[in-house]
Amino acid sequence: MENTSKSESFDSNFENNEDEGNTVTMMDVLEEQQKLEEDAYAVLGASDDKNCSYNQGYVKREALFSCKTCIDKDDKPACICLACSYHCHEGHDLIELYTKRNFRCDCGNSLFKGKKCSLEPNKEELNELNNYNQNFRGLYCTCARPYPDLEDSVQDEMLQCTICEDWFHSRHLGSSLPAANNFSEVICGSCTDRLGFLRYYSGQTVKKVVEETNDNSVDVESPVPNVSATVNEETSTPVPMPCTEKQNDENSKEPKKAKECLLKTLKPVEMTGKGATFWMESFRKSLCVCQSCQEMYKDLNVSYLTDVSDMVQAYEERGEKERSNTVGMSNNERTMQALSSLNRVAQIEAIKRYDELQTNLKEYLSKFVENKKVVREEDIHEFFQEMSRKKQKVEEVPYFCH
């Protein structure tokens with residue numbers, strides 16, 4: 001799945017394939033592992049994997065899981081934090097929920113019927129403010145199907161609504177995806193209809209969409225009209241709004257209150273009945289933060305919209321930063337650094353060994369392609385064992401000076 005960023009992804013990067021004619025090279029595996037590692041850090045890097053998040057209260061955004069082993073499908077849903085998924089539910093059947101906002105870890109409370117949290121055993125019976133949706137039962141979208149869905153033969157990406165935080169198949173959003181995925185956030189059709197104030201900000205929606213015509217994709221204009229107060233009609237880009245200096249900025253924790261309501265300067269546009277809407281990165285900063293609007297956001301339970309740090313993109317950036325601070329160099333960078341520390345002869349020898357390994361691996365894997373066999377884990381072990389035996393034989397050959 002994705003939510004406009006690379007890993008807002010619940011994206012299926014490495015799909016199981018039972019066709020024995022399809023094999024992968026070691027380089028494919030390493031490259032895929034690198035991407036999965038980067039995605040994992042984006043999702044998990046900003047969450048604590050050692051300490052239960054319960055004492056933090058309702059966390060602004062964190063990686064969450066649901067445990068099918070501990071919570072029966074007919075029971076009330078429950079959430080567990082990243083640390084508890086490691087320390088209290090190891091080996092259990094977990095549902096990865098990606099990230100959710102404003103949840104407090106349930107592990108060990110009354111929903112778990114006597115099973116205590118090993119990290120934080122003293123918890124209240126319930127977290128009354130947790131708001132569970134169907135995702136906690138492993139179901140998604142308007143079709144209420146699991147992901148991945150073994151009965152669904154259609155390959156489709158999934159996107160997360162920034163309001164209800166459910167995930168939707170792109171084909172079930174009720175509107176065409178913008179071209180080149182040039183949007184920052186998605187609001188599903190139901191949430192778009194519920195939040196009437198969005199009609200004033202249609203100028204912050206992405207106008208270009210892709211419509212499928214047979215096998216060809218063409219760019220067409222969205223049926224949502226431009227709002228002249230917020231969009232330059234010649235360039236289709238946002239222009240400064242009135243009172244922008246009174247809007248919240250990215251570095252402030254609390255939005256500043258505008259003296260005058262921005263909505264008085266904007267024209268509402270009918271947006272209902274058109275499915276999901278796709279919003280620019282500047283959307284949140286454009287929202288009015290006068291006292292009246294902030295009270296409206298509170299009544300609608302969407303006060304987080306004026307907080308740029310609530311965005312999944314901001315959470316992922318924190319994860320990436322955590323990764324760079326913890327991991328430092330990539331595997332390739334570490335390899336190059338190791339090579340640079342060797343003398344010229346040793347460098348040539350190391351590169352020669354690598355080339356030999358790559359050549360032998362390609363030859364070894366080609367046999368599986370010819371015989372239409374899948375490469376198994378034990379086959380890889382066998383390959384390296386054989387390489388080790390060959391190396392040992394070479395090193396045991398005596399050398400004499402003549």
Side-chain angles (χ1 to χ4, degrees), residues 1 3 7-10 36-37 39-140 146-148 160 164-167 253 301 303-304 307 309-312 314-323 325-327:
M1 298 183 185
N3 182 335
S7 80
E8 220 137 65
S9 283
F10 233 4
L36 291 174
E37 180 181 336
D39 288 349
Y41 266 104
V43 177
L44 307 178
S47 295
D48 191 340
D49 63 349
K50 296 180 177 61
N51 303 291
C52 178
S53 63
Y54 178 80
N55 289 331
Q56 299 178 37
Y58 292 88
V59 181
K60 180 180 292 187
R61 181 169 296 282
E62 65 177 322
L64 289 179
F65 302 81
S66 180
C67 183
K68 296 171 70 175
T69 303
C70 296
I71 303 296
D72 188 78
K73 63 180 181 178
D74 296 324
D75 294 335
K76 184 177 179 180
C79 71
I80 59 176
C81 68
L82 176 62
C84 287
S85 74
Y86 292 153
H87 299 279
C88 306
H89 300 267
E90 183 180 4
H92 290 193
D93 187 3
L94 299 179
I95 299 172
E96 183 178 355
L97 297 167
Y98 193 55
T99 70
K100 300 286 186 184
R101 68 166 65 89
N102 298 334
F103 273 86
R104 196 176 193 185
C105 182
D106 288 319
C107 180
N109 67 13
S110 62
L111 297 175
F112 285 82
K113 301 176 181 178
K115 177 180 172 59
K116 291 295 183 181
C117 175
S118 61
L119 297 178
E120 187 58 49
N122 299 317
K123 295 183 177 179
E124 296 180 3
E125 291 291 300
L126 292 173
N127 294 314
E128 299 290 349
L129 298 183
N130 281 358
N131 185 22
Y132 315 94
N133 63 12
Q134 65 173 348
N135 298 170
F136 290 83
R137 300 192 186 280
L139 303 177
Y140 307 89
Y147 183 89
Q160 187 180 34
C164 67
E165 296 196 297
D166 197 355
W167 291 85
K253 294 184 179 179
N301 294 319
S303 296
Y304 50 80
D307 181 5
S309 66
D310 168 77
M311 296 174 63
V312 174
Y315 172 89
E316 289 185 344
E317 289 173 353
R318 293 198 299 273
E320 292 283 4
K321 184 177 180 180
E322 181 70 21
R323 177 180 185 270
N325 291 337
T326 303
V327 179

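Starting from 1, each residue takes its place in the sequence as its number.
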Taking distance alone, no hydrogens or angles, what donor-acceptor pairs closer than 3.5 Å link side-chain atoms of residues 79-91 to residues at least two apart or in another chain?
unit_1	atom_1	unit_2	atom_2	d
S85	OG	L82	O	2.5
H87	NE2	D49	O	3.3
H89	ND1	H92	ND1	3.4

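Taking a cutoff of 4.0 Å between a charged side-chain nitrogen and a carboxylate oxygen, D310 and K60 do not qualify as a salt bridge.
Counting heavy atoms from C-beta outward, N109 and E124 have side chains that stay 4.5 Å or more apart. Using a 4.5 Å heavy-atom threshold, the side chains of K100 and Q160 count as touching. Between S110 and L126, some side-chain heavy-atom pair lies under the 4.5 Å cut-off. At least one side-chain heavy atom of R137 sits less than 4.5 Å from a side-chain heavy atom of P77. Proximity of Y54 to N127: side-chain heavy atoms (C-beta onward) are separated by under 4.5 Å at one or more points.
Between F136 and F103, the two ring planes are tilted [angle within 30° to 60°].
Residues A63 and L44 come closest through the heavy atom pair CB-CD2, 3.7 Å. When all heavy atoms are compared, the tightest approach of N102 to N130 is O-OD1, 4.1 Å. When all heavy atoms of L97 and W167 are compared, the pair lying nearest together is O-NE1, 4.4 Å. Of all heavy-atom pairs spanning C164 and N133, the tightest one is O-ND2, 3.5 Å.
Not counting sequence neighbours, N131 has no partner by the side chain to side chain contact (heavy atoms under 4.5 Å, CB included) test.
A distance of 9.5 Å separates SG in C105 from CD in E120, rounded to the nearest 0.5 Å. Atom-to-atom distance recorded for C107:SG and K115:NZ is 7.0 Å, nearest 0.5 angstrom. Taking OH of Y58 as the reference point, atom CG of L129 lies at 4.0 Å (rounded to 0.5 Å). Taken from CD1 in I71 to NZ in K76, the straight-line distance is 11.0 Å, to the nearest 0.5 Å. Taking CG of D75 as the reference point, atom CZ of F112 lies at 10.0 Å (rounded to 0.5 Å). One finds the CZ atom of R104 at 11.0 Å from the CD atom of E62 (value rounded to the nearest 0.5 Å).
K68 NZ: 12 or fewer foreign heavy atoms inside a 6.0 Å radius.
Using modelled atom types, one finds a donor on one side chain and an acceptor on the other under 3.5 Å when comparing Q134 with D166.
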